[in-house]
Amino acid sequence: MIKPSASDSKPKPASAPHAALLLDWYDQARRVLPWRALPHEQADPYRVWLSEVMLQQTTVQAVKPYFETFLRLFPTVESLASAPTEQVMSAWAGLGYYSRARNLHACAKQVSTQYQGEFPRDYNSLKALPGIGDYTASAIMAIAFDERAVVVDGNVERVITRLFRIEQPLPLSKPAIKQRAEQLTPHERSGDYAQAMMDLGATLCTPRSPSCFLCPVRGHCAGNKSGDEATFPRKLPKKSRETRYGAAFMCLRADGAVLLRTRPDKGLLGGMSEIPTTHWDAEATDPTKDTAHAPLELNWQQVLPPVRHVFTHFPLVLRVYIAQAPLGTEAPEGMRFTPRQALSGEALPTIMVKAIALGLDNL
DNA sequence: AAAGCGTGGTA
DNA sequence: TTACCAAGCTT
């Protein structure tokens, strides 16, 4: 991070004591991450943006290999902008929340054309870009540009609700958390502070059994004082969702090609590839009527047991059917036969990888 | 503004 | 096995 020298910086309000403690801790405990600049290195806005989008609701462990792949395939925002959509979706396949990939691509195009390939150093301009919300805009301001920004993510919410024992449940407590975060955020070392809060949440102030004995701000923590820190943040109970059911059809042509199609851009698994499926309904549909919805009239055989998969908002039980099609079979309107060798280049979400693997195993 | 939107790991 | 959790955004 580049720090302004003492001579040219105006007097700033004194930081909360907590910030200095946190920054000292960060200097010796910071994690080394592929997208993170080393001390005294300047952060790269492209890497910061790419990693922040990938990390939305996603674990560091899951992101690491995808981040490396993207950086190799698309070393610059310009190269990402000029890549075909299918390549971007395919590279993102398996990471989840696929609207992020569409927005990522759209954002790269916009940065290339509207900002000559340089991310704007301005919160409002950043937040106006697709896929960049309050958190991500603030994180880019702080981490990439070392500008003061109040960065509140899930880690910060956990740390702050524990520090102040905020009894109000999330998401109702978001405004109160933001207000506390605003008060705590220092005017210096913005990027380090933001990452320090996230490292604290990720390594010590963890959801279950936090390691308070190692915490640099233990002495300022109301939660630790009363010993119930692990019960924060309070959360509104989640509503459980009904299981949905559907059928999917895995058609293997004699030359080894698999019948695929692309889902609509919007909605669940938007823009991703799939083997043809029925709608996924909450009512337990009649399995004997499944093959009436098959894309081709073939000798369909059900593979047991069905594929089970859990989405964010509902569990799915997918009955998979397999059939072989003779050489020369043409794909129905809107579908295509993809050679088995080319499957890895398809944008297949995990549920479809499961279904196709099951089908191939049983053919 | 409440709901939609993936996946893999862990207790 | 079930339930919860992980650096949120969009409509």
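Proteins come first, then strands; the chains are lettered A, B, ... in the order of their sequence lines, and each starts at number 1.
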For this session: Remember a base hit wins even if backbone is also touched, and classify A:Leu95 as base, sugar-phosphate or nothing at under 4.0 Å, heavy atoms.
Result: base

Exercise. Counting any heavy atom closer than 4.0 Å, what does A:Arg102 reach on the DNA or RNA strands: base, sugar-phosphate only, or nothing?
Worked result: nothing

Problem set entry | Touch class at under 4.0 angstrom, heavy-atom based, for A:Val310 against every strand present | base

Exercise. What nucleic acid atoms does A:Val63 come within less than 4.0 Å of, heavy atoms only: base, sugar-phosphate, or nothing?
Worked result: nothing

Exercise. So what does A:Thr58 hit on the nucleic acid, given a heavy-atom distance under 4.0 Å: a base, only sugar-phosphate, or nothing?
Worked result: base

Exercise. Which part of the nucleic acid does A:Trp35 contact within heavy-atom distance under 4.0 Å: base, sugar-phosphate only, or nothing?
Worked result: base

For this session: May I ask you to say what A:Leu104 touches in the nucleic acid, namely base, sugar-phosphate or nothing, with a heavy-atom cut-off under 4.0 Å?
Result: nothing

Exercise. What does A:Gly201 touch in the nucleic acid at a heavy-atom separation under 4.0 angstrom: a base, only the sugar-phosphate, or nothing?
Worked result: nothing

Exercise. Rounding to the closest angstrom, what is the interatomic distance between C:dC9 and B:dG8 at atom P?
Worked result: 22 Å

For this session: Using a heavy-atom cut-off of under 4.0 Å over every strand shown, decide if A:Arg31 touches base, sugar-phosphate, or nothing.
Result: base

Problem set entry | Distance in angstrom units between A:Lys238 NZ and C:dT2 P, rounded | 17 Å

Problem set entry | Rounded distance (Å) that lies between atom C1' of B:dA2 and atom NZ of A:Lys239 | 7 Å

Problem set entry | Any A:Arg241 side-chain nitrogen or oxygen under 4.0 Å from OP1 or OP2 of B:dG4 | yes

Problem set entry | Rounded distance in Å between the C1' positions of C:dT10 and B:dA1 | 12 Å

Exercise. Phosphate oxygens OP1/OP2 of B:dT7: is one of them under 4.0 Å from a side-chain N or O of A:His309?
Worked result: yes

